[in-house]
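First comes the structure, then the notes that go with it.
None of these values were measured; they are calculated from a predicted model. Every chain is numbered from 1 and lettered A, B, ... according to where its sequence line falls, protein lines coming before strand lines.
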Amino acid sequence: MNDAPPDHIAEALLAWFDVHGRHDLPWQHPRSAYRVWVAEIMLQQTQVATVVDYFNAFMSRFQNIHALAAADSDAVMAHWAGLGYYARARNLHAAAKAVVADHDGRMPDTVEALMTLPGIGRSTAGAIVAQAFERWAPILDGNAKRVIARLAAIQATPGTAAYEKSLWRLAEQYTPHERITDYTQAIMDLGATLCTRRNPRCDSCPLASACLARRQGLQARIPAPRKRKARPQRETVVIVVSDDRGRVLLEKRPPAGIWGGLWSLPEKPAGQSVEAFCREYLGIAVAPGARLASVAHAFTHFELLIHPQQVQLIDTVRIMESSLQWYARDDWPGLPAPIRRVLDTHQQVLAL
DNA sequence: AATACGGGGTC
DNA sequence: GACCCAGTATT
């Protein structure tokens, strides 16, 4: 345990924040529960620089929670395309509907109530309570975890229950009752700009004198890196077919799993022939076409080699499922990044 | 308690 | 190319 009083930590951090903190993030002006909430969801496992443009576009299209709740699922997913972790978008949309239906469109203002909404866990709930409602609540995002682990020289293995429990306990102790909104922003800013994963800039840190990791020379080794497993390799074949109007056939993927809820090129199951898949699932008769250049895509937990198989459309043999649709290039829905690359690369050949 | 879930930034 | 990021839900 750190021997510096929690009050002193918060004071030093807030004084630093006033000068060096981030005060111009889009969700800070104006600051509303809806905007803070959307930002927090986008920021889960995603860096600020990546989020800013998505946030601004999302806010322009869905200006308030009622607009989001009433929006079409495809429109929401299209605004998330490229951000990743698409369950976040589905949960956000579902939560907006729940807040409109059950809370008259007003975001709940307690950690417990917020955590009943899909996609909101303890840390995100705390961030919303502190930043939108200016009420006391600890947060424990990646930045706060790193700052606190170093401050208290916590050497337990990240990811274990003991590690999480001790960090939450410390987060509660450090969180002040004054200036809760600024404190929450301040600890994230410190972690993002000074107390970084590698090469922490302790010389400029307002908490350096209180930091146990620094005193012990352990700041570069806390938190310990996670051990990683080798990523398995997978392969898949996707079907590229266009009609006589230059439209390409896309498939809305099921809600669960990779790219859940996103439109993509139809993915052929292993063990089924291209012709059979096109006839039985896509409802089209085709002739084999060119095998286009394969595209490699790295996920967190495996690597996927995508083989785009072009086919020539002969005839539409039955009405297609609603999860299948012809799309002109001008109004493509949101597509996974590697799939968009495939279509962009071959648009000339495909005459899209 | 461990794993699934994306894409991009960084060094 | 490895590692990480304003984590949560599921098993």
Positions of residues 252-268 of chain A (non-hydrogen atom under 4.0 Å from DNA chain B), listed by number: A:G257, A:I258, A:W259
Assign each of A:A161 and A:R341 the nucleotide of DNA chain B bearing its closest heavy atom; nearer the 5' end lies the nucleotide of A:A161
Filter on side-chain hydrogen bond (donor to acceptor under 3.5 Å, both in side chains), then keep only pairs touching residues 275-299 of chain A, sequence neighbours left out; what's left? A:E251-A:Y281, A:Q272-A:E280, A:S294-A:H307
For A:S166, all residues meeting side-chain contact (heavy atoms from CB on, under 4.5 Å), sequence neighbours excluded: A:I154
Between B:dG6 (C1') and A:R90 (CZ): distance, integer Å: 13 Å
Within the 6.0 Å centroid threshold, strictly below: A:Y85 and A:W80: no
Look at all strands and tell whether A:R197 reaches a base, only sugar-phosphate, or nothing, counting heavy atoms closer than 4.0 Å. sugar-phosphate
Going 5' to 3' through nucleotides 6-11 of chain C and flagging B where a protein heavy-atom sits under 4.0 Å of the base, S where only the sugar-phosphate is that close, and - otherwise, we get BBSS--
A:F133 meets the ring pair (Phe, Tyr, Trp, His ring centres under 6.0 Å) criterion, sequence neighbours left out, with none
Identify, with sequence neighbours excluded, every residue that meets ring pair (Phe, Tyr, Trp, His ring centres under 6.0 Å) alongside A:Y54. none
Does A:H297 put a side-chain nitrogen or oxygen below 4.0 Å from OP1 or OP2 of B:dG7? yes
Given B:dC5, is OP1 or OP2 found less than 4.0 Å from the side-chain N or O atoms of A:H301? yes
Where each residue is assigned the nucleotide of DNA chain B containing its nearest heavy atom, which of A:F302 and A:Y54 is assigned the position nearer the 5′ end? A:F302
